[in-house]
Each structure stands twice: as C-alpha cells, then as structure tokens.
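For reference, the structure is listed below as structure tokens.
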Amino acid sequence: MSREQITELEVAVAASERQVGADHPATLEARVRLALEYRNHGRNENALAELEQVAAVRDRILAPEHPDTLSAQHELALTYFHLSIGNDDARLPDAIATMERVAEGRVRVLGPAHPDTLASWASLDLLYGQVQRYDEARALRERIAAGWERVVAEREQRLGPDEPDTQFSRIRLASAYGNLGRTNDERTVLERVIASWGRLAAARERRLGPVHPETVDAREHHAYCHRWVGRSKDEVSLVERIAADHERLLSPTHPRTLHAQVHLASRYFEGNHNTAAAIALGERIISDVHTVLGADHDDMRNLCATLILAYATTGRGDDAMALAARYPLAEE
C-alpha cells in the first residue's frame, strides 16, 4: 500500500469520527486497518498509538475478553515486538505479557482449537524463542498441532475435504508438524493438499470453464503448493497451462491473459527454474502490459522487477539499467 493510500486511511478515520463518533465500531475498525499499514511501513510508534486507543475503547465498551478486544490486543502485542527489534528488546516483555493474556483469554472465550487461539499461540511461540524459553515454546507447538488437527477434522466434516478453508487449515497443520520436526506427517498433509486443490480445480473447470476467476484461483493454488514438496517443475508446467488457456480462450492482450503471463514469467525466474524463459517472455509482453494495464499497475511493476533481476543475475547489467530507465518503478 502506498503512502497516498495511508493518507486515504487517515482521512477515512477522521471522517468516520465526525460522522459516527470515535467509539463507533466502524471507526475502531478503520483505526486497526490504519495501524497495520503504519506497522507495514515501519511506523511502529504510530501503529502503537492507534492500537492502544482501540484496545482501550473496546475494553471499556465491549469487555476485556470480547473477541474484538482480544484481536486488538493481539495486534498490540505484535507491535510491541516490532518496536523491540533493533531497540535492545525494550518492549519484548510487554509483547510477551500482552500475548500471554490474549492467548489465555482466547482459550476461555473461543476454545483451544479456534484459529485465533492458535494464531496467538504461534505468536507466543515466536516470542518465547526470543527469550530462550524453549521448553515452553515446544509445549505450545504440541498444542498448536493438536489444535489444527481438530480444526481440519471439523472443517472436513462441515465444509468438505476439498473446500479452500479446509485446505488452508491443512496447510497450517502441515506447518505445525514441520515446526515439531514431524517431517513425514508434514509431507503426508501437503500431499493431501495438492490432491485436494487438483480435484477442486478440475471440478471448477468442468462447471465454470478453465479461465473463470474461481477456476484460475484453484488452479494457481494447485500449482503453487507443488513447490512445498520440491516439485517445482510440476508447478511451472501447471502455470504454463494456465497462461496458454488464457491466450487461447481470451486474447493475447486481454488484461487477464497478461496477468497470467506475468505470473508465469515470475515463476520461471523464481528459484532459477528457467531464467532465459523468464527474460524471453518478459521482453515479449512488456510493451503490451505497459500499454494495456498502465505504468502503475501491479503487474507492470512486478514484470519490471522480474526482468531487472533476471538481467542482473545473468550479467546483463546494462539491460537492467536501460529497462529501469525506460520503465521506472515507483519509490515504494
């Protein structure tokens, strides 16, 4: 998000205060969004001020352990952690104490197998590692894995084995197993994720067609998760098929075709899969991307960045500089 958009959020907060009041839920939610953008841009003191205010108001109006209050406190704890980095860990005790209170509150209010509780435990695991409380961190990881096992089982039964929310829960479970060193279990879950995304992509393709946005979303997830088990060639092959289907069924210069091709170029380059192919594709489409999508479009910026890096890593520094001069990237 750009600085201009941060300014827009600041204006939105001020407008909401005038229209519905400083304590209105809409104003508080806008403050949280603004705080997170401040933090993303390293403006941690600004983020702290916003989150402290939101947490205090929600504590007063709702309750200390209302889910919205705990959510604000969770982000407040993470902001304390950000403030501790490079600052002699000065706010690290505040981060740990706040996150411990949030985790305890979420267990009481939401239960031990709720995604929000598990997120607080995961953050607390990170914080404990910072102060070498390794035994407590290990115990948390065991509880996190058990919690995600319950979430996955519940979502498989309620939503179905191939629904996206089930898949995202499985991915978290695989990560939890990985953090415990249970690599065989991690691999087993990831293989199930790959198979499920493949089934969902095939079902959507039959129902909606190969380039419907919902189909493409499933196809891209199916492709991406192959890298987690070391099958990057399979990932690239699937992304090539997505790009080819767009070009065949839409047109070479359709915005969604260009997006698919930019995505393919980045996949060629990442991990040195095929840097020459990334350069060849990028050079072929960059003029169309610039003309159709515009200089400030995310796809244009991503393509320029991919090409510049690809040139630089293959000893073509002059080409990288020429491209950067022709299509300058925004300061962000």
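Note that this is a predicted model, so its numbers are computed, not measured.
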Applying ring-ring contact (aromatic ring centres under 6.0 Å, His included), run through His221 and Phe168 and close with a yes or a no.
CA-CA 10 Å; His221 277 96; Phe168 297 138; 5.6 Å; yes
Judged by atom type as modelled, is there a donor-acceptor pair below 3.5 Å linking the side chain of Ser84 to the main-chain atoms of Phe81?
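Answer holds: yes.
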Note: [X]-[Y] ion pair, threshold 4.0 Å (strictly below):
X	Y	answer
Glu240	Arg267	no
Arg155	Glu163	no
Glu154	Arg150	no
Arg231	Glu191	yes

Parallel, tilted or perpendicular: ring planes of His290 versus Tyr327, cut at 30 and 60 degrees
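Geometry flag for Tyr327 against His290: tilted rings.
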Is the His263 ring parallel, tilted or perpendicular to the His259 ring (thresholds 30°, 60°)?
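Because their plane-to-plane angle is under 30°, the rings of His263 and His259 count as parallel.
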Check this for me: Arg204, atom CZ, are more than 12 non-hydrogen atoms of other residues, nucleotides or ligands nearer than 6.0 Å?
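Counting neighbours around CZ of Arg204, more than 12 heavy atoms of other residues, nucleotides or ligands fall under 6.0 Å, so yes.
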Are a donor atom and an acceptor atom from the side chains of Glu37 and Gln5 found within less than 3.5 Å of each other?
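No.
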Please test Asp125 against Arg138 for salt bridge (charged side-chain N to carboxylate O under 4.0 Å, His left out), starting from the C-alpha separation and ending with a verdict.
CA-CA 8 Å; Asp125 172 22; Arg138 173 75 187 193; over 6 Å; no
In the structure I gave you, are the side-chain heavy atoms of Gln130 and Leu92 within less than 4.5 Å of one another anywhere?
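Side-chain contact under 4.5 Å: yes.
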